[in-house]
There are 2 protein chains.
Amino acid sequence: MGDGGYELLWGAKTRPARGRPPALSRERIVAEALAIADAEGLQQVSMKHLAERLGSGVMSLYRHVPGKDELVALMYDATMTDPPRLPEGEGWRAAMTAWALAVRDLFHAHPWALALATANHAMGPGEARWLDTALGVFEAEGLPAEICLAAVMAVNGYVGGAVRPEIQGQDDPHWFRFLQHESAREDYPHVYRLVAENSFTVPTVDVFGFGLERVLDGLERYIEDHR
Amino acid sequence: MGDGGYELLWGAKTRPARGRPPALSRERIVAEALAIADAEGLQQVSMKHLAERLGSGVMSLYRHVPGKDELVALMYDATMTDPPRLPEGEGWRAAMTAWALAVRDLFHAHPWALALATANHAMGPGEARWLDTALGVFEAEGLPAEICLAAVMAVNGYVGGAVRPEIQGQDDPHWFRFLQHESAREDYPHVYRLVAENSFTVPTVDVFGFGLERVLDGLERYIEDHR
DNA sequence: ACCTGAACACCGTTCAAGT
DNA sequence: ACCTGAACACCGTTCAAGT
């Protein structure tokens, strides 16, 4: 996909409903692929497996989608079809908190999408709407556009990075297993202390929330200073 | 890899140098794979291609590495063999700024590693040392261990997320191409304004730095309040 | 015992044969 | 013209044949 799937993401969606609707459609293919990824992981989304689920031949898929890469791009954008609902009239901070949590929910619902978020891709209509929503929050504060973008990037960047350990922590007991090594105590003294205090295995702090509050605090200070 | 490559990452590294050193070694395999990934992308790292580069048979690789997944885990950790050098005696903020920029440099040098950072994996010795370095910065401020972890996660999370558009922006002119659409102005008014002001195509703000300063501001406020 | 080629079970996709 | 099976060029890995 030379254009990063751009044409496909933004092209005409549906043809006029004339005659019998075809058994296969791009919407149905993407929806089924998304269901497979959610349930079995992205790696299980093969053209063959997908075709079986849809009760069609493998090659029939290529009638509606140019290739695997473009399908994945469509899947990714499809996770963001519903724009987040933000509280209105409660200020930018409440709105951005809701936005950040919505992004987090998104990655929890579709863990496979997190790796894609870091991959090269054209922006689809879904992602564009999510971005636009967040930009609007800061623009309402009267900030210049480029500062709005930087602010959104700060929040979005934080969320994307902070969600990772949450997702993988669930089924990965090996994360800190290296501390059982003899040399661990001297090689990684600070990590060792962290675990020794048992504060990692039984976290008493909402790590995600703590970081988010710091990011928002930092933005708040900037906004107040530049009002 | 049932243990996420843990045993391999932390197992004995080298056997005693007796007799002629074998032509192939895990270190050499990982180093060559890393070179391929840096130059041609992670997708070009196939066992066959890698074997050709090393002048060996494909199956010979499996003498030193259990499989592809474990190889990738070793490659990822190999990007972090050199722990970052942080300024000492200039306070936590200077140190964490250096740490954050070092992480950013890492992903710029190995763009393929960014997607892996979001994937499930066991922590290797390299990543552990980087984490330990950052934890030490906050521990020196006398913060409880769990707060230190949350603070590092905030910075690391931000960097990981904010680096993404930097990396992909270079060779992706399609990112905002959707704005050429007729309906874009009303569908995405805030994004439209952003581009209309030309502030995106010719950014006058260091987006990465701006966000980082906000995150550090937020942490600074917390640290001062809890001193 | 050590090493490694041939064979296997996949993968996405091309292409031409079918209707 | 539309659809799709067989064939192709890959992929990682098993297994047994080689030394």
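Every chain is numbered from 1 and lettered A, B, ... according to where its sequence line falls, protein lines coming before strand lines. Both backbone and side-chain heavy atoms feed into the values below; hydrogens, waters and symmetry mates do not.
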* Asked: How close do W99(B) and P84(B) get, heavy atom to heavy atom, and via which atoms?
  ->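 Scanning both residues, the minimum pair turns out to be CD1-CG, 3.7 Å.
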* To do: Can you tell me, in whole Å, how much space there is between the C1' of dT14(D) and that of dG12(C)?
  => 23 Å
Could you give the distance from [atom1] ([X]) to [atom2] ([Y]), rounded to the nearest 0.5 Å?
{"X": "F210(A)", "Y": "L149(B)", "atom1": "CZ", "atom2": "CG", "answer": "10.0 Å"}
{"X": "R26(A)", "Y": "L71(A)", "atom1": "CZ", "atom2": "CG", "answer": "10.5 Å"}
{"X": "M75(A)", "Y": "T79(A)", "atom1": "CE", "atom2": "OG1", "answer": "9.5 Å"}
{"X": "R53(A)", "Y": "L50(A)", "atom1": "CZ", "atom2": "CG", "answer": "8.5 Å"}

* **Counterpart residues, ring pair (Phe, Tyr, Trp, His ring centres under 6.0 Å), relative to F107(B) (two or more places apart)** =>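 Scan of F107(B) (ring pair (Phe, Tyr, Trp, His ring centres under 6.0 Å), adjacent residues dropped) gives none.
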Collect all protein-nucleotide pairs involving nucleotides 11-17 of chain D in which both atoms are nitrogen or oxygen and the distance is under 3.5 Å.
{"unit_1": "dC11(D)", "atom_1": "OP1", "unit_2": "S46(B)", "atom_2": "OG", "d": "3.3"}
{"unit_1": "dG12(D)", "atom_1": "OP1", "unit_2": "K68(B)", "atom_2": "NZ", "d": "2.8"}
{"unit_1": "dG12(D)", "atom_1": "OP2", "unit_2": "M47(B)", "atom_2": "N", "d": "3.0"}
{"unit_1": "dT13(D)", "atom_1": "OP2", "unit_2": "Y62(B)", "atom_2": "OH", "d": "2.9"}
{"unit_1": "dT13(D)", "atom_1": "OP2", "unit_2": "K68(B)", "atom_2": "N", "d": "2.8"}

* Asked: Can you tell me how far P of dT4(D) sits from CG of L50(A), to the nearest Å?
  ->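 Taking CG of L50(A) and P of dT4(D), I get 14 Å after rounding.
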* Pair assignment for DNA chain D - dot-bracket with | for other-strand partners, Watson-Crick or G-U under 3.5 Å -> ||.|||||...|||||.||
* To do: Establish, with yes or no, whether the OP1 or OP2 oxygen of dC3(C) is under 4.0 angstrom from a side-chain nitrogen or oxygen of S60(B).
  => no
* **Polar side-chain atom of W130(A) near backbone of D82(A) as donor-acceptor pair, under 3.5 Å** =>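 Yes, W130(A) side chain to D82(A) backbone: donor-acceptor pair under 3.5 Å.
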* To do: Determine yes or no for a side-chain-to-main-chain donor-acceptor pair under 3.5 angstrom, with N156(B) supplying the side chain and G161(A) the backbone.
  =>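 Not a single qualifying donor-acceptor pair exists.
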